[in-house]
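Have a look at the structure below, then the notes.
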Amino acid sequence: MTDRRSEAVQALTRTLGHAFRDPSLLERALTHPSVGEGAAHDAVGRPILDNQRLEFFGDRVLGLLVAERLMRDFPQANEGEMSSRLHGLVDRSACARVGEAAGVGPALRMSAGESKQGGRRRDGILADAVEAILAAVYFDGGIDAARAVFERLWKAELANPSSRSHSNPKSALQEWSLKVGRGLPAYRVVDRTGSDHAPTFRVEVTISGTDGLTAEGRSRQEAEKAAALALMQREGVI
């Protein structure tokens with residue numbers, strides 16, 4: 001491990017607030033699949049263990065911890081509101097922001113080529129590593145240790161749901177609309193132009209108590225996201 005990366009791992013460990021009894025778990029959580037590049041073993045014959053299996057498990061740990069927190073914080077929320085909140089806290093963008101803030105990028109173990117291509121700043125790689133880290137903490141210290149790390153790393157996301165507005169505008173709009181008592185947003189395709197291979201959709205979004213607003217996109221989903229974002233901007237939500 002290079003001195004620079006070793007320092008980054010030490011800083012990350014301090015941020016996590018968890019002293020690993022088995023440091024190899026953290027090392028595995030920080031190992032990107034590019035390290036092996038098809039090889040089953042490293043130069044001295046040790047098996048190369050990347051973070052993919054830990055990421056798979058960590059995704060489930062994160063979902064449980066978020067659901068647990070939402071059940072505690074929003075005892076009157078219905079299933080739709082809970083699902084919206086959960087999605088905004090576990091999606092790739094949220095996990096990537098958590099990873100960036102925690103300093104995961106410099107601590108990653110990856111191939112030189114992947115690093116040169118900006119892998120240490122790539123949302124997908126950061127998000128996978130964060131989930132793998134949660135799994136590593138779980139296997140090292142149990143669910144209580146994982147919960148403590150989650151509460152520490154997701155503090156900003158939990159306190160500031162508006163930070164998710166641009167990455168997941170439909171969920172953010174739904175969360176705000178329900179919070180202020182205006183019900184669920186409604187989306188309607190008002191126009192579709194262009195060829196089948198290159199269509200343009202125009203979608204209107206409405207919520208109770210406000211005029212509708214339309215936006216365009218190359219797909220219905222893209223247009224709905226654009227409309228949701230535009231409506232939040234008009235209403236001063238973001």
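Side chains of H32 and D50: a donor-acceptor N/O pair is absent below 3.5 angstrom, by distance only. Inspection of the S195 and H197 side chains reveals no N or O donor paired with an N or O acceptor under 3.5 Å.
At a threshold of 4.0 Å, the pair R60-E131 does not count as salt-bridged, since none of the basic side-chain nitrogens sits closer than that to a carboxylate oxygen. The pair E27-R5 counts as a salt bridge, with a side-chain nitrogen and a carboxylate oxygen less than 4.0 angstrom apart. Residues E224 and R220 are paired through a salt bridge, judged by an N-O separation under 4.0 Å between the basic side chain and the carboxylate. At a threshold of 4.0 Å, the pair E114-R122 counts as salt-bridged, since one of the basic side-chain nitrogens sits closer than that to a carboxylate oxygen.
Contact detail for G194 and R192: the closest heavy-atom pair is O-NH1, 4.4 Å. The shortest heavy-atom contact between R120 and L126 is O-CD2, 3.6 Å. Nearest heavy-atom pair across A223 and V203 is CB-CG2, 3.6 Å. Minimum interatomic distance between E216 and T200 (heavy atoms only, all atoms of both residues): OE1-CG2, 3.9 Å. When all heavy atoms are compared, the tightest approach of A129 to V104 is CB-CG1, 3.8 Å.
Geometrically, R152 does not engage F150 in a cation-pi contact, judged by NZ or CZ lying under 6.0 Å from the ring centre and within 45° of the ring axis.
For the atom pair CD of E151 and CZ of R147, the computed distance is 8.0 Å after rounding to the nearest 0.5 Å. Note that the CG atom of L25 and the CZ atom of R28 stand 8.0 Å from one another [nearest 0.5 Å]. Taking CG of D59 as the start and CG of L64 as the end, the distance is 11.5 Å to the nearest 0.5 Å. Taking CG from N51 and CE from M110, the interatomic distance works out to 9.0 Å, rounded to the nearest 0.5 Å. Note that CG of L86 is 12.0 Å distant from CD of E68, once rounded to the nearest 0.5 Å. With values rounded to the nearest 0.5 angstrom, C95 atom SG is found 4.5 Å from W154 atom CH2.
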I'd like a table of donor-acceptor pairs (distance under 3.5 Å, sequence neighbours excluded) in which one partner is a side-chain atom from residues 182-191, with atom names and distances.
{"from": "R188", "atom 1": "NH2", "to": "E204", "atom 2": "OE1", "distance (Å)": "2.9"}

If you look only at distance, which donor and acceptor atoms sit under 3.5 Å apart when one is on a side chain in residues 207-215 and the other is two or more places apart or in another chain?
{"from": "T210", "atom 1": "OG1", "to": "I207", "atom 2": "O", "distance (Å)": "3.2"}
{"from": "T214", "atom 1": "OG1", "to": "R202", "atom 2": "NE", "distance (Å)": "3.4"}
{"from": "T214", "atom 1": "OG1", "to": "R202", "atom 2": "NH2", "distance (Å)": "2.8"}

### Intermediate values then yes/no, side chain to side chain contact (heavy atoms under 4.5 Å, CB included), T13 and H18
CA-CA 7 Å; T13 301; H18 176 76; over 6 Å; no
### Task
Could you please spell out the steps behind the side chain to side chain contact (heavy atoms under 4.5 Å, CB included) verdict for R69 and R72?
CA-CA 5 Å; R69 175 66 185 259; R72 186 191 77 191; 3.0 Å; yes
#### Entry: T15 and L153: CA distance, side-chain angles, deciding distance, side chain to side chain contact (heavy atoms under 4.5 Å, CB included) verdict
CA-CA 8 Å; T15 298; L153 295 189; 4.1 Å; yes
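Neither L49 nor V137 shares a network with the other; the hydrophobic side chains, linked directly or stepwise wherever heavy atoms of I, L, V, M, F, W or Y lie under 4.5 Å apart, form separate groups for each. Hydrophobic cluster membership is shared by L62 and M71, with clusters built from Ile, Leu, Val, Met, Phe, Trp and Tyr side chains linked at under 4.5 angstrom. Both I143 and V66 belong to a single network of hydrophobic side chains, linked directly or stepwise wherever heavy atoms of I, L, V, M, F, W or Y lie under 4.5 Å apart. Cluster annotation: V130 and F56 are assigned to distinct hydrophobic clusters (Ile/Leu/Val/Met/Phe/Trp/Tyr, side-chain heavy-atom contacts under 4.5 Å, transitive).
Residue R121 places its CZ atom among 12 or fewer non-hydrogen atoms of other residues, nucleotides or ligands, all under 6.0 Å distant. Summarising the local packing, CD of E222 is surrounded by more than 12 heavy atoms from other residues, nucleotides or ligands at distances under 6.0 Å.
The closest donor-acceptor contact from the side chain of S177 to the backbone of L173 lies at 3.5 Å or more, if one exists at all. D123 places no side-chain N or O within 3.5 Å of a backbone atom of A96 that could act as its donor or acceptor partner.
The side-chain contact (heavy atoms from CB on, under 4.5 Å) search around A29 returns L54, A132, I133, A136, not counting sequence neighbours.
Between R218 and P199, the closest side-chain pair of non-hydrogen atoms is not below 4.5 Å.
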